[in-house]
Amino acid sequence: MTEVTPFLSDALVGAAAAFVVFAVVVLYRVVKGPTMQDRVIAVNVVGSNTVVILALLAAAFGESGFLDVALVYALLNFLMSIAISKFTVDRGDVI
Amino acid sequence: MTPLELGVVALLVGGVFFGLVAVVGLLRLPDLYTRAHAASKSDTLGAVLSFAAVALVFGADFATAKVVFLLVFMFVTNPTAAHAITRAAFDQGIEPWTVEDTERESGSPSDFGADDGDESGAVATDGGSGRESGTESARETGTDTGGER
């Protein structure tokens, strides 16, 4: 890749910081609920925000290895949502 | 500012904006279905715009292929996951929020806030009998909520 200019690196880190703030704010919905599905959707949003943060930091620091972590995290995030939704249909409420 | 920097900053601003829209929708909307609607669409668009910015930064590189795969994967799976969770909630008997819910609560404007989801949530949080009581109450008001099933 071409060398990342300091301005571009700052912009990427700033966007990553904004996504961190969003993920922390969404934790309110995880705690409050009120239904279990509300919590699952909120955790799903936190997970996809984490994937975006990892990709932004990979670009900001020039570390393409972070992208592999982001890929695995995206796969696990999707698997968690599908597994919990199937689990609730078969057996009623989990929590 | 080079054209590359301009494009990356524009995409990042768009991504952060739609991420903010998703968070506000998730906190403020009245019930599970409207929250899932806000979270799935706005959050997916914010993530896709941010991934596009990252792909522009990496340029012609092998890492760009990974970012594009991540973009396509997120674009497909995020709404799918929200749809699966929402369908599980509907099968469990959680009622959608309607205008009658606010009118029954004597209609003060603050009822539109995030705390309004508590009564629809009470259907599912009463332990093992959640499924039965949910379908019963859905049958009582079946003319206005359960008609689409």
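The structure displayed is predicted, hence computed values, not measured ones. Computed over heavy atoms, backbone and side chain alike; hydrogens, waters and symmetry mates excluded. Below, chain A is the first sequence line, B the second, and so on; all start at residue 1.
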With no hydrogens and no angle check, do the side chains of Gln37(A) and Thr86(B) hold a donor and an acceptor under 3.5 Å apart? no

Please look at Ala18(A) and chain B and tell me whether the side chain, the backbone, both or neither of the residue comes under 4.5 angstrom of a heavy atom of that chain. side chain

Is any side-chain heavy atom of Glu5(B) closer than 4.5 Å to one of Thr5(A)? yes

Among Leu26(B), Val24(B), Leu27(B), which residue meets the side chain to side chain contact (heavy atoms under 4.5 Å, CB included) test with Val25(A)? Leu27(B)

For Tyr73(A), does the OH atom have more than 12 heavy-atom neighbours from other residues, nucleotides or ligands under 6.0 Å away? no

Pair count under 4.5 Å, heavy atoms only, with chain B: among Val51(A), Asn49(A), Asn77(A), highest is Val51(A)

Where does Phe19(A) contact chain B at under 4.5 Å (heavy atoms): side chain, backbone, both or neither? side chain

With a 4.5 angstrom heavy-atom cut-off, is it the side chain or the backbone of Val8(B) that approaches chain A, or both, or neither? side chain

Under 4.5 Å, counting heavy-atom pairs only, tell me which of Leu12(A), Ile82(A), Val21(A) racks up the most with chain B. Leu12(A)

Straight-line distance of Ser85(A) OG to Ile85(B) CD1, nearest 0.5 Å: 6.0 Å

Can you name the nearest heavy-atom pair linking Phe58(B) to Ala58(A), along with the distance? CZ-O, 3.7 Å

Show, in sequence, the C-alpha distance, side-chain angles and deciding distance for Leu75(A) and Phe73(B), and conclude whether the side chain to side chain contact (heavy atoms under 4.5 Å, CB included) test is met. CA-CA 9 Å; Leu75(A) 286 164; Phe73(B) 184 79; 3.4 Å; yes

